[in-house]
Amino acid sequence: MKIRRTAIAVAAAALLPLSLAACSDSDSDTKGAPSNAAGDEAQTSATPTEEAMTGDQPFGPACAGVPKEGAGSFDGMAKDPVATAASHNPALSTLVTAVKQAGLVDTLNNAENITVFAPTNDAFAKIPKADLDKVLADKATLTKILTYHVVGRKLTPKQLENGSFETLQKGMITTKGSGEDYTVNDTSKVVCGNVRTANANVYIVDTVLMPK
């Protein structure tokens, strides 16, 4: 009898850890299931958000050079009128200087629903320095050139696919392209398009446009 009781005790001791392990595994599986479900739910709910962000965003290779945060970022520029917004973008410093020289800061900031084709610093650098200095010193000529870059209504990328628009200078500009590839007057490429400011849509271009 003593031997039998000992054998039973040993068997019970051996089975107890196995039973506990089985219970532990079962609990683990039960607890893990809601976690996976929650993960699936989070993944599903993220999809509409991603879809909402895909359209109507700035596009083009030069957009990568726009500050990620602060007044010069896309979010920051959207809060300011166009001349002020441009002053916070390092790539547009020559344009901002020209706008100030022409006395157009208030004109652009107070305008409603306009489109600005904004030449980069590199675009102005294509003009020989002597010629650029001469233009910057001639307010009348500078005003004509700068207002030629402004259209009196907001233009969407879709409207640029095959467009012809009157500018504030009263001359005409033409646009063509599709997707994220647009050209103005057959010579100036849009390098960062669909940038929003408080009162304008901005298309940053790589060549200064000259009135025809």
Side-chain angles (χ1 to χ4, degrees), residues 56 58-60 62-63 77-78 80-89 91-212:
D56 216 21
F59 60 84
C63 292
M77 291 178 72
D80 291 322
V82 64
T84 302
S87 71
H88 297 308
N89 188 320
L92 301 177
S93 59
T94 305
L95 173 62
V96 171
T97 297
V99 168
K100 290 178 179 178
Q101 289 282 98
L104 292 173
V105 173
D106 289 341
T107 299
L108 294 177
N109 276 348
N110 293 328
E112 294 183 4
N113 299 323
I114 59 175
T115 294
V116 177
F117 293 93
T120 62
N121 295 344
D122 289 340
F124 281 101
K126 293 179 181 180
I127 303 172
K129 188 177 184 306
D131 294 342
L132 180 58
D133 289 344
K134 185 177 179 180
V135 169
L136 290 174
D138 184 343
K139 186 174 180 179
T141 300
L142 184 59
T143 299
K144 288 179 181 179
I145 293 173
L146 293 176
T147 54
Y148 184 65
H149 289 74
V150 184
V151 173
R153 58 192 175 108
K154 287 186 176 180
L155 300 176
T156 66
K158 184 70 176 176
Q159 290 173 294
L160 301 187
E161 290 183 358
N162 186 22
S164 180
F165 310 100
E166 184 179 23
T167 69
L168 296 191
Q169 182 267 341
K170 300 303 181 184
M172 300 295 293
I173 63 170
T174 59
T175 61
K176 64 181 181 181
S178 62
E180 298 186 357
D181 183 12
Y182 296 93
T183 304
V184 185
N185 285 357
D186 294 321
T187 58
S188 190
K189 301 283 291 184
V190 174
V191 292
C192 184
N194 209 31
V195 179
R196 306 298 179 85
T197 75
N199 66 328
N201 287 353
V202 178
Y203 294 88
I204 300 175
V205 294
D206 69 354
T207 304
V208 176
L209 306 174
M210 292 298 179
K212 297 179 179 179

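- Atom-to-atom distance recorded for Thr147:OG1 and Leu108:CG is 9.0 Å, nearest 0.5 angstrom.
- Between Tyr148 and Lys212 the shortest heavy-atom distance is OH-CG, 4.0 Å.
- Distance alone, capped at 3.5 Å, is enough to place a donor-acceptor pair between the Asn199 side chain and the Val82 backbone.
- Counting heavy atoms from C-beta outward, Thr175 and Tyr182 have side chains that stay 4.5 Å or more apart.
- With respect to the salt-bridge test (charged N to carboxylate O, under 4.0 angstrom), the residues Asp133 and Lys129 qualify.
- For the side chain to side chain contact (heavy atoms under 4.5 Å, CB included) with Val191, the lone residue among Ile204, Val205, Thr207 that qualifies is Ile204.
- Counting heavy atoms from C-beta outward, Asp206 and Lys126 have side chains that approach closer than 4.5 Å.
- Closest heavy-atom contact between Thr115 and Leu155: OG1-N, 2.7 Å.
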- Task: With side-chain contact (heavy atoms from CB on, under 4.5 Å) as the test, would you mind laying out the steps for Asn185 and Thr174 before giving the verdict?
- Result: CA-CA 5 Å; Asn185 285 357; Thr174 59; 3.6 Å; yes

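- Looking at heavy atoms from C-beta onward, Asp186 lies in side-chain contact with Lys176 at the 4.5 angstrom threshold.
- Between the side chain of Thr120 and the backbone N or O of Ala123, at least one donor-acceptor pair lies under 3.5 Å.
- Looking at every heavy atom in both residues, Leu136 comes nearest to Gln101 through O-NE2, 3.3 Å.
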- Item | His149/Ile173 under side-chain contact (heavy atoms from CB on, under 4.5 Å): CA gap, chis, key distance, verdict | CA-CA 9 Å; His149 289 74; Ile173 63 170; over 6 Å; no

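- Between the side chain of Asp138 and the main chain of Lys134, no donor-acceptor pair closer than 3.5 Å is present.
- Between Pro119 and Leu95 the shortest heavy-atom distance is O-CB, 3.9 Å.
- Proximity of Met210 to Thr187: side-chain heavy atoms (C-beta onward) are nowhere separated by under 4.5 Å.
- In this structure, the side chain of Ser188 does not engage the main chain of Val184 through any donor-acceptor pair within 3.5 Å.
- In this structure, Lys154 places its NZ atom where more than 12 heavy-atom neighbours from other residues, nucleotides or ligands lie under 6.0 Å away.
- Listed for the His88 side chain is no donor-acceptor partner under 3.5 Å among the backbone atoms of Met77.
- Listed for the Asn89 side chain is a donor-acceptor partner under 3.5 Å among the backbone atoms of Ala91.
- Within the 3.5 Å criterion, the main-chain N or O of Phe124 finds no donor-acceptor partner in the side chain of Thr94.
- No more than 12 heavy atoms of other residues, nucleotides or ligands shown are found within 6.0 angstrom of NZ on Lys100.
- By the 4.0 Å N-to-carboxylate-O rule, Asp56 lies close enough to Arg196 to be salt-bridged with it.
- Atom NZ of Lys189 sits in a crowded spot, with more than 12 heavy atoms from other residues, nucleotides or ligands closer than 6.0 Å.
- Environment of CD in Glu112: sparse, with no more than 12 heavy atoms of neighbouring residues, nucleotides or ligands closer than 6.0 Å.
- With no hydrogens or angles considered, a side-chain donor-acceptor pair links Ser93 and Asn121 at under 3.5 Å.
- Across all their heavy atoms, Lys144 and Pro211 have their closest contact at O-CG, 3.9 Å.
- Between the side chain of Asn201 and the backbone N or O of Thr156, no donor-acceptor pair lies under 3.5 Å.
- For the atom pair CZ (Arg153) and CD1 (Ile114), the distance works out to 13.5 Å, reported to the nearest 0.5 Å.
- The closest side-chain heavy-atom distance from Val195 to Tyr203 is not below 4.5 Å.
- For the residue pair Asn109 and Ala83, the shortest heavy atom distance occurs at OD1-N, 2.9 Å.
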